[in-house]
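Remarks on the structure that follows.
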Amino acid sequence: MATISLPSSVPPSGPWPNPNLNSSSLPALESTASDRIVGKGEGGNDDQEASPDDASTYRESHDGTDSSPPPIDASDLSIPSISAIFPAPPNPNPNPNPRRPPTSLFHLGFNQDAACFSVATDCGFQIFNSDPLTETFRRDFDGGGVGIVEMLFRSNVFALVGGGPSPLYPPTKVMLWEDDKDRFMAELSFRAPVRGVRLRRDRIIVILEHRIFVYGFFDLRLLHQIETMSNPKGLCAVSQGSTSAVLVCPGLQKGQIRVENYGSRRTKCIMAHDSRVSCIALTLDGQLVATSSSKGTLIRIFSTAEGTLLQEVRRGADRADIYSLAFSSTAKWLAVSSDKGTVHVFSVKINQGPQEQENMPLPKPDASPVPTTGHNLASSLSFIRGVLPRYFNSEWSVAQFRLPEGSKCIVAFGHQKNTIMVLGFDGSFYRCQFDPSTGGEMLQMEFHNFLKGEDS
């Protein structure tokens, strides 16, 4: 029989969100009041349906029809196994003293507000503060590598998945690491490899290639399952606002995204692109979602509540592999990185007032069809709208920062005004500033190699 230690105050298991949860409640995992049985046995099945008592059994599809599943006998379900590790199995002897440099980097990710970022390597994981750039701590494991590390703001809890040729744990498990106690506090086991993990203050979301599982954070109760088309990248975005609860993931058709609004208990399916969805980003409040396709030329912004297309911007004309999309905290800007080596910043012109429109850069009289300086207004050839292809009527980026082509990187907005941070899988860290009035090339403010500790 597996047990898990619960915090002294267990939130209700009803629909998202729970306004009583905040960041200060997470370290309360240290103080426990009682044990509760959450599962038993080994193995599991990632093909079962959710229990009818789950918080999200009611669904309304985008056409307004009730798509609630029929009642299911919970005794027939074979859920992924959930077990606590108090004290077995033994911890993999984290040893921060040798500080041997990693030879392979498997995962890079910002936390929910981009105040920190995490690095998963063949020997453990590292956590860095974003501004100023400093290594907060690192954990080197003797047992193997980490393929995914997901932070929860600045709390002491991390979700780890083994990775690399010698994984620390099987890539079919999500291990919850409690760093201040230097131990794994629980695990989630599946029959298929884990492609991604997302954390909220009240939920744990695990992404497999064809299915997504949503668990309660404190009691690990399975709340919802979502079937998706093949999703090897582990695409999924979750809102972080205390008054919103939105999850977006690939749908069951090519180019489709599925929006789960847990507050209104509605599901919307949006045909976002003609080709496969390659990247998804949500605003913090979950009201806007940005998507790109495998073509990588257009980025589209939709309303999650209505499912309507609100804005379309163009990265370029050539195909590209989009590595990351990121909204600013104010949802006024959208950053995009790709294998073309240029990081773009676009203006999000939704719900902008007159003052915000006045601050937009104006097009230059000699602007070319493929602009080399930033302006996020329609191309200067828009006067022949309807005569030439849509390409010439596209909205372009306000600002750009150029890296060597092929550089694999992710991007997020900094806490300093009008700044972005670029993380490269080669260990590079750039902090850049853009001018929202004039646009154009960004100013590089900092460069570091966070794996080697080099500055310039």
Side-chain angles (χ1 to χ4, degrees), residues 61-62 109-110 112 195-196 198 205 207 209-210 212 226-240 244 246-261 266-328 331-340 342-351 376 390-391 394-397 409-413:
S61 64
H62 60 285
F110 287 98
Q112 289 79 2
R195 301 300 187 186
R198 303 290 183 268
I205 296 95
I207 303 103
E209 185 160 347
H210 294 279
I212 293 175
I226 302 170
E227 186 179 355
T228 70
M229 68 176 300
S230 179
N231 183 18
K233 290 184 175 181
L235 300 180
C236 182
V238 184
S239 67
Q240 297 296 332
S244 66
V246 177
L247 181 151
V248 181
C249 63
L252 290 171
Q253 302 176 38
K254 181 177 67 175
Q256 184 186 73
I257 59 172
R258 173 171 174 159
V259 180
E260 291 287 343
N261 191 318
R266 291 187 176 183
T267 297
K268 285 191 177 295
C269 293
I270 303 170
M271 288 305 302
H273 300 274
D274 293 332
S275 52
R276 293 176 64 95
V277 175
S278 65
C279 208
I280 300 172
L282 269 173
T283 53
L284 286 175
D285 60 11
Q287 293 187 16
L288 302 178
V289 59
T291 64
S292 64
S293 74
S294 56
K295 293 180 180 179
T297 54
L298 297 173
I299 293 91
R300 290 174 175 148
I301 302 174
F302 298 88
S303 162
T304 56
E306 304 299 330
T308 53
L309 176 63
L310 301 176
Q311 188 175 354
E312 178 183 277
V313 297
R314 180 174 288 277
R315 180 211 55 81
D318 298 334
R319 296 181 72 98
D321 188 2
I322 303 296
Y323 292 138
S324 68
L325 302 173
F327 283 100
S328 65
K332 292 182 180 179
W333 307 101
L334 176 69
V336 181
S337 66
S338 73
D339 64 348
K340 291 301 182 182
T342 301
V343 176
H344 296 269
V345 172
F346 297 90
S347 170
V348 179
K349 300 192 295 184
I350 300 162
N351 296 327
N376 196 340
R390 288 173 57 195
Y391 172 82
S394 300
E395 293 185 36
W396 303 98
S397 57
C409 63
I410 62 172
V411 64
F413 285 88

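A quick note: this is a predicted structure, and the numbers were derived from the prediction, not measured. Note that these values count all heavy atoms, side chains included, but never hydrogens, waters or copies made by symmetry. The first residue in the sequence is number 1, and the count goes up from there.
- Take Ala290 and apply the side-chain contact (heavy atoms from CB on, under 4.5 Å) test, not counting sequence neighbours, and it matches Ile299, Ile301, Leu325, Phe327, Leu334.
- Between the OG1 atom in Thr283 and the NZ atom in Lys332 there is a gap of 14.5 Å [rounded to 0.5 Å].
- For the 3.5 Å distance criterion, the side chains of Ser324 and Ser337 qualify, holding a donor opposite an acceptor.
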Verify side chain to side chain contact (heavy atoms under 4.5 Å, CB included) between Trp333 and Val348, making sure each step is shown before the conclusion. CA-CA 5 Å; Trp333 307 101; Val348 179; 5.6 Å; no
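- The side chain to side chain donor-acceptor pair (under 3.5 Å) check on Arg195 picks up Glu209, with sequence neighbours excluded.
- Leu309 meets the side-chain contact (heavy atoms from CB on, under 4.5 Å) test with Arg300, Phe302; sequence neighbours excluded.
- Of all heavy-atom pairs spanning Gly286 and Val246, the tightest one is O-CG2, 3.8 Å.
- Scanning both residues, Pro250 and Met229, for their nearest heavy atoms gives CB-CG, 4.5 Å.
- In this structure, the side chains of Cys236 and Leu247 come closer than 4.5 Å at one or more pairs of heavy atoms.
- Residues passing the side chain to side chain donor-acceptor pair (under 3.5 Å) test with Thr342 are Arg402, sequence neighbours excluded.
- With sequence neighbours left out, His210 forms a side-chain contact (heavy atoms from CB on, under 4.5 Å) with Ser230.
- Surrounding NZ of Lys254 are at most 12 heavy atoms belonging to other residues, nucleotides or ligands under 6.0 Å away.
- When all heavy atoms of Gly234 and Arg198 are compared, the pair lying nearest together is O-NH2, 3.2 Å.
- Residues Thr297 and Ala317 come closest through the heavy atom pair CG2-O, 3.6 Å.
- For the pair Arg266 (side chain) and Glu260 (backbone), a donor-acceptor distance under 3.5 Å is absent.
- Across every non-hydrogen atom of Thr304 and Lys268, the tightest pair is O-CD, 4.0 Å.
- The distance from atom OG of Ser293 to atom NE2 of His273, rounded to the nearest 0.5 Å, is 5.5 Å.
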Go through it in stages, so that I can follow the logic: the residues are Lys349 and Glu395, the test is salt bridge (charged side-chain N to carboxylate O under 4.0 Å, His left out), and I'd like the CA-CA distance, side-chain angles, deciding distance and then a yes or no. CA-CA 11 Å; Lys349 300 192 295 184; Glu395 293 185 36; 3.6 Å; yes
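- No option in Lys233, Lys295, Arg276 other than Lys233 meets the salt bridge (Lys or Arg N to Asp or Glu O under 4.0 Å) test with Asp321.
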Candidate pair Leu282 and Leu288, rule side chain to side chain contact (heavy atoms under 4.5 Å, CB included), full reasoning: CA-CA 6 Å; Leu282 269 173; Leu288 302 178; over 6 Å; no
Yes or no on side chain to side chain contact (heavy atoms under 4.5 Å, CB included) for Asp285 and Ser239, after CA distance, side-chain angles and deciding distance? CA-CA 6 Å; Asp285 60 11; Ser239 67; over 6 Å; no
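- Every residue meeting the side-chain contact (heavy atoms from CB on, under 4.5 Å) condition with Thr228, not counting sequence neighbours, appears here in chain and number order: Ile212, Ile226, Asn231, Cys249.
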Show your reasoning for whether side chain to side chain contact (heavy atoms under 4.5 Å, CB included) applies to Thr308 and Ser303. CA-CA 5 Å; Thr308 53; Ser303 162; 3.8 Å; yes
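- Rounding to the nearest 0.5 Å places CG of Asp339 at 11.0 Å from CZ of Arg319.
- Of all heavy-atom pairs spanning Met271 and Gln256, the tightest one is SD-CB, 3.6 Å.
- Taking the side chain as every heavy atom from C-beta outward, Ile322 and Arg315 approach each other to under 4.5 Å.
- In this model, a donor atom of one side chain and an acceptor atom of the other lie less than 3.5 Å apart for Ser278 and Ser292.
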